[in-house]
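Notes follow once the structure below has been shown.
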Amino acid sequence: MSEAASVPQPSAPARSVTSDALGTMLIRALGIALLFASTTATAVLLGPAEYGEFSAALSLALLFATAAPLGTDRVLVRRLSITGRDTAAAEVALTHRCTLWPAVAICSGSLLAALGCTAFGYTGWSRTLVLAVLMAVPLTLTYLRQWTAIPLVGTRAAILPEQFLIPLLSLLLLGMLWLLELPLAAVPAAIGTAVLTLGIWLATVSTGRLGTVYKEALQALSVAPGAVLNRTREGLPFVLVATGVLLAQRCLPVAVAAGAGFAASAQFSWALMAAGIASLPLGILNLSLMPGFARLHHKGDVSGAQLLARHAATMTFLAALAAAVSLAIGSPLLRPLLGDGYADVPRMLPALLLAVLADCLTGPTIPVMQTTGLERLYGRCLALHLPLQLLLVFGLSRLYSTTGAAVAYLIGRVIWNVAVFVLIRHHRSLIMLPSLKCAAAEFRRLQRWSQKAMAARRWPVHRNPAQPARRPV
């Protein structure tokens, strides 16, 4: 299919996804601002060593929480995107049952590893593993709630608690600890994170549409063992997909800590978080597009999927480019903000921003591969790429500390995006790159929207209260 035929005006699915993504992006932008403030406050108040330990524990906790469902959470999204509310309670109950024993096994193994570290004198790593288990339990429940909510209530409502409320409450908690002059270290920070996450999960699954689904799911928890086994087999191809995406981002501070120490890990972790602001649009569209791509693939609508992919790649890259330029311009202000303990952050930021731009250039490859039957191929690619990425980061950070870690991350992301682009082009005939025609179409649509908004502000429509409103055709 030619580009001219695939790009004119956004289709109805593209417009609906764009609308949901823009609303989600607003919430996520506010959350990013709060996350930036809370992360910066945590890094400054805890200092490089303690913050490095907390960051490593949080990264491991996120890995445990992502691996525990064994891919059944991704199956849940795909099924609810097609069936909707009718089977939600049964699907949620089955997914939680599939998650239970893997979560117990992961936590038990981590605690045994912590005992082994203590026996051999690695007390820092022992404490890190215990804190990771503490945070992993509420994070697992939170992830399952979010994947349930995306197809049922939309991405905006799904991400609001985790992306907005948790950073806000974390910032308030840090302020209280500082005002009360209580000890600020990795242990209280991890305990506070676990308590806040669990409290917000309880609040969100007790009310509204999700509250109804979870109440019905509690009554359906007695699932046949055969159903659990079959669902786990169906979800296994997604395990590497789910954990690999996380390992490629959040567990890199652990590799840096092993190669260059916790202080270097703290600087790398903060710089990676700051560079990740530029990938905000990509993260939002990865969530927003999963139901859309699942439905288009189910219907066999290849042209609709192509149109959606090109528009998404265009929007993500242009937004990421603007954000990356802004961050690069403001990088000289980071050392006065963070202090001398984070002096390497401005030097790492250019390489990390280039890595983010490489990710955004190919657009939403994650939902495309997860919802179009390429999850097994995606998992195999991650199985090959992740050891390479982690070895690069570990090796170069050991040789060149934080700068080596940033360059290693850039090399790994470029290799990954080239490989994924080629595979999607070969297997699904989708071009995962931005398009000038898509950019022009989005610009015209934004221009029309702004003109309508200006016209409505200048000439408001006054209607007689006694006159009934016109019903839309």
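Side-chain atoms are counted along with the backbone in the values below, which use heavy atoms only and exclude waters and symmetry mates.
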Tell me if a side-chain donor or acceptor on [X] pairs with a main-chain N or O of [Y] at a distance below 3.5 Å.
X	Y	value
Ser265	Pro253	yes
Thr204	Ile200	yes
Thr40	Ala37	no
Glu50	Ala186	yes
Ser326	Ala322	yes

Do [X] and [Y] have side chains that approach each other closer than 4.5 Å (heavy atoms only, starting at C-beta)?
X	Y	answer
Thr87	Leu80	yes
Phe268	Met348	yes
Ile277	Leu327	yes
Ser170	Leu196	yes
Leu60	Phe64	yes
Pro434	Leu318	no
Val92	Thr148	yes
Thr142	Gln146	no

**Report entry** ring-ring contact (aromatic ring centres under 6.0 Å, His included) assessment of Tyr214 paired with His96
**Finding:** CA-CA 11 Å; Tyr214 269 77; His96 280 74; 5.6 Å; yes
Query raised in the report: Hey, mind stepping through Met432 and Arg425 against side chain to side chain contact (heavy atoms under 4.5 Å, CB included) and telling me if it holds?
Result: CA-CA 8 Å; Met432 303 299 297; Arg425 183 75 177 95; over 6 Å; no
Query raised in the report: Does the side chain to side chain contact (heavy atoms under 4.5 Å, CB included) test come out yes or no for Tyr409 and Leu252, once each step is laid out?
Result: CA-CA 9 Å; Tyr409 181 69; Leu252 293 177; 3.2 Å; yes
Donor-acceptor pairs under 3.5 Å, side chain of residues 108-116 to any protein atom, not counting sequence neighbours: which ones?
| residue | atom | partner | partner atom | Å |
| --- | --- | --- | --- | --- |
| Ser108 | OG | Val104 | O | 2.8 |
| Ser110 | OG | Ile106 | O | 2.9 |

What are the two closest non-hydrogen atoms of [X] and [Y], and how far apart are they?
X	Y	value
Trp270	Ala43	CD1-CB, 4.0 Å
Ala323	Ala278	CB-CA, 3.7 Å
Leu353	Ala324	CD1-O, 3.6 Å
Met135	Ala61	CB-CB, 3.8 Å
Thr365	Thr362	CG2-O, 3.6 Å
Thr99	Pro102	O-CD, 3.4 Å

**Report entry** side chain to side chain contact (heavy atoms under 4.5 Å, CB included), paired with Thr72, selected from Arg231, Glu234, Arg233, Arg97
**Finding:** Arg231
**Report entry** Residue among Val75, Leu144, Thr232 satisfying side chain to side chain contact (heavy atoms under 4.5 Å, CB included) with Pro69
**Finding:**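 Considering Val75, Leu144, Thr232, a side chain to side chain contact (heavy atoms under 4.5 Å, CB included) with Pro69 is found only for Leu144.
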Taking atom [atom1] of [X] and atom [atom2] of [Y], what is their separation to the nearest 0.5 Å?
X	Y	atom1	atom2	value
Leu423	Leu430	CG	CG	12.5 Å
Arg413	Leu357	CZ	CG	13.0 Å
Leu198	Leu134	CG	CG	10.0 Å
Leu349	Leu272	CG	CG	10.0 Å
Cys117	Arg127	SG	CZ	11.5 Å
Tyr51	Leu46	OH	CG	9.0 Å

Query raised in the report: Would you call the rings of Phe262 and Trp125 parallel, tilted or perpendicular if under 30° counts as parallel and over 60° as perpendicular?
Result: tilted
Query raised in the report: Parallel, tilted or perpendicular for His385 and Trp416, by the 30°/60° rule?
Result: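 Because their plane-to-plane angle lies in the 30° to 60° range, the rings of His385 and Trp416 count as tilted.
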Query raised in the report: After noting the C-alpha distance and the side-chain angles of Thr197 and Trp201, does the key distance pass the side chain to side chain contact (heavy atoms under 4.5 Å, CB included) rule?
Result: CA-CA 6 Å; Thr197 306; Trp201 174 81; 5.7 Å; no
Query raised in the report: side chain to side chain contact (heavy atoms under 4.5 Å, CB included) between Leu63 and Ser59: does it pass, once the steps are laid out?
Result: CA-CA 6 Å; Leu63 175 62; Ser59 296; over 6 Å; no
Can you list, pair by pair, the side-chain donor-acceptor contacts under 3.5 Å of residues 390-406, counting residues two or more places apart and other chains?
| residue | atom | partner | partner atom | Å |
| --- | --- | --- | --- | --- |
| Ser397 | OG | Val393 | O | 2.7 |
| Ser397 | OG | Phe394 | O | 3.0 |
| Thr402 | OG1 | Asp344 | OD2 | 3.1 |

